[in-house]
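Taking it in order: structure first as structure tokens, then the write-up.
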Amino acid sequence: MGRVVLVTGAARRLSGRFVRRILREPGVDRVVAVDAVPPEHGLGGAEFVRADIRQPAIARVLTEHAVDTVVHMDVTGTPLGKRGNGRGSRSVVKETNVIGTMQLLGACQKTPSVQRLVVKSTTSVYGSAPRDPAVFTETTPPKSLPGGGFAKDAVEVEGYVRGFARRRPDVAVCVLRFANLLGPGADSPLAEYFSLPVLPTVLGFDPRLQFVHEDDAVEVLRIAASEPARGTLNSGTFNIAGDGVVLLSQAARRLGRPTLPFFLPSVTWAGSALRALGMLDFSPEQIRLLTHGRVVDTTQMRETLGFHPRYTSAGAFADFTRSRGTGLLPPHTLARTVDRIAAAVPAGRGLK
């Protein structure tokens, strides 16, 4: 009998792509796609099970299907209102990230058939601070732990995963820390930021950014969920990013977008303005990233996991740019957008 793979967060586009890809993997007999809401995209020949990972019922799903590989992709930083059927609020997203992971890991611990666990995490666990090292390795401690939002959720999730690995040493556990995901279908917070007609920036800062193309994300998840190839090891924690970096100023030029610089103390007001205008969930962690940037080392991804991305960071950004279009808005539209953002920032708060 072949392998049985369970994938969480199946209603998300990237998860749906992974489900369709893993179905073609030799040795995979069945794929069970799980989410609390039905997906709007096709899942190929996978079996969809409507289940909320925050509920104990997920244990029954694992047992009934004799699942041996769990790919946990329902750890997300989706902005407010971006998931339908009530799944968009920050409180619900946090519950799914943290409580859902706890329930899922508890279910995996009690299910003897589970042999492999893959968790989609984020390089946001390193935070973004002025005294950060130039490059983070998987063992580099953050200078400042994330204080909230998706980054804090991911830190908690990884802590629970480490506890599970201690309790079930027979299970191969792989944590993939993805840099910012981009591509034609990306729905990440940074993709939303780059889709703005005007890019708010922090005056005096030009952060270094790394990207992962969504095609590469699907492929590295496939590798992590598969039996290890000779000379590789599909367990441990791995930074996942394309080669090279892209400066925020370079990104703006390649998009053909103007920037709107703010002094650092006023950036939180700009974020509040964007949220109030319904333009973007510009969270504090996003602001820190766009101030200090973040770069990770990917040596272990290549040498231990055996994954070599097709896209560099610049290549992933270029593909994203082609899908979203480049160039300035008409002058009257551009001026109106700038005025809306500026008007929402209290006077004297440092708008340049």
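Note that the coordinates shown come from a computational prediction; the quantities given were computed from them, not determined experimentally.
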Practice task
Step by step, work out the side chain to side chain contact (heavy atoms under 4.5 Å, CB included) result for F178 and Q210.
Solution key: CA-CA 10 Å; F178 286 95; Q210 286 177 307; over 6 Å; no
Handout entry: Side-chain H-bond candidate by donor/acceptor type, D74 with T96, under 3.5 Å
Key = no
Practice task
Verify side chain to side chain contact (heavy atoms under 4.5 Å, CB included) between L305 and L176, making sure each step is shown before the conclusion.
Solution key: CA-CA 10 Å; L305 190 59; L176 302 177; 4.0 Å; yes
Exercise for the section: Would you mind reporting whether V70 and L104 have side-chain heavy atoms less than 4.5 Å apart? Expected result: yes
Handout entry: Single hit among V31, V49, V34 for side chain to side chain contact (heavy atoms under 4.5 Å, CB included) with L6
Key = V34
Exercise for the section: Check whether any side-chain N or O of R208 sits under 3.5 Å from a backbone N or O of G293 as a donor-acceptor pair, and report yes or no. Expected result: no
Practice task
Without swapping roles, check the side chain of D35 against the backbone of A10 for a donor-acceptor pair under 3.5 Å.
Solution key: yes
Fill in the blank from the handout: When rounded to the nearest 0.5 Å, the distance separating CZ of F238 from CG of L233 is 6.0 Å
Exercise for the section: Answer yes or no: is there a donor N or O on one side and an acceptor on the other, between the side chain of S15 and the main chain of G9, under 3.5 Å? Expected result: yes
Practice task
Check whether the side chains of N239 and Y126 place a donor and an acceptor atom closer than 3.5 Å, and report yes or no.
Solution key: yes
Practice task
Grab the two heavy atoms, one from P258 and one from P197, that are nearest each other, plus how far apart they are.
Solution key: CD-O, 3.4 Å
Handout entry: Note: R13-E214 ion pair, threshold 4.0 Å (strictly below)
Key = yes
Exercise for the section: Could you grab the distance from atom CG of L62 to atom OG of S113, nearest 0.5 Å is fine? Expected result: 7.0 Å
Problem - Flag, side chain of T63 to backbone of R60, donor-acceptor distance under 3.5 Å - result: no
Handout entry: Student check: side-chain heavy atoms of V175 and S121 closer than 4.5 Å
Key = yes
Problem - Heavy-atom donor-acceptor pair, R20 side chain to G42 backbone, under 3.5 Å - result: yes
Problem - Side-chain donor/acceptor of H65 to backbone N/O of V67, under 3.5 Å - result: no
Problem - Side chain to side chain, S128 and L289, heavy atoms closer than 4.5 Å - result: yes
Exercise for the section: Could you note down all residue pairs passing salt bridge (charged side-chain N to carboxylate O under 4.0 Å, His left out) where residues 284-302 supplies at least one of them, sequence neighbours left out? Expected result: D243-R302
Problem - R177/E138 ion pair, N-O < 4.0 Å - result: no
Practice task
Decide if atom CD of E64 counts as having more than 12 heavy atoms of other residues, nucleotides or ligands within a radius under 6.0 Å.
Solution key: yes
Exercise for the section: Determine, stepwise, if the pair F317 / F194 fulfils side chain to side chain contact (heavy atoms under 4.5 Å, CB included). Expected result: CA-CA 10 Å; F317 188 79; F194 284 129; 3.8 Å; yes
Handout entry: Donor-acceptor pair between Q300 and T304 side chains, under 3.5 angstrom
Key = yes
Problem - Test item: side-chain donor near acceptor, T321 and R254, under 3.5 Å - result: no
Handout entry: Heavy-atom closest pair, residues A186 and A191
Key = O-CB, 3.9 Å
Exercise for the section: Mind running side chain to side chain contact (heavy atoms under 4.5 Å, CB included) on L182 and Y311 for me, showing each step along the way? Expected result: CA-CA 11 Å; L182 283 183; Y311 290 84; over 6 Å; no
Problem - R168 (side chain) donor-acceptor with V114 (main chain) under 3.5 angstrom - result: yes
Practice task
Find out whether I53 and H72 are in side-chain contact, i.e. whether some heavy atom of one side chain is under 4.5 Å from a heavy atom of the other.
Solution key: yes
Exercise for the section: Go through the side-chain N and O atoms of H292 and D132 and say whether any donor and acceptor fall under 3.5 Å apart. Expected result: no
Handout entry: Donor-acceptor under 3.5 Å (T259 side chain, P200 main chain)
Key = no
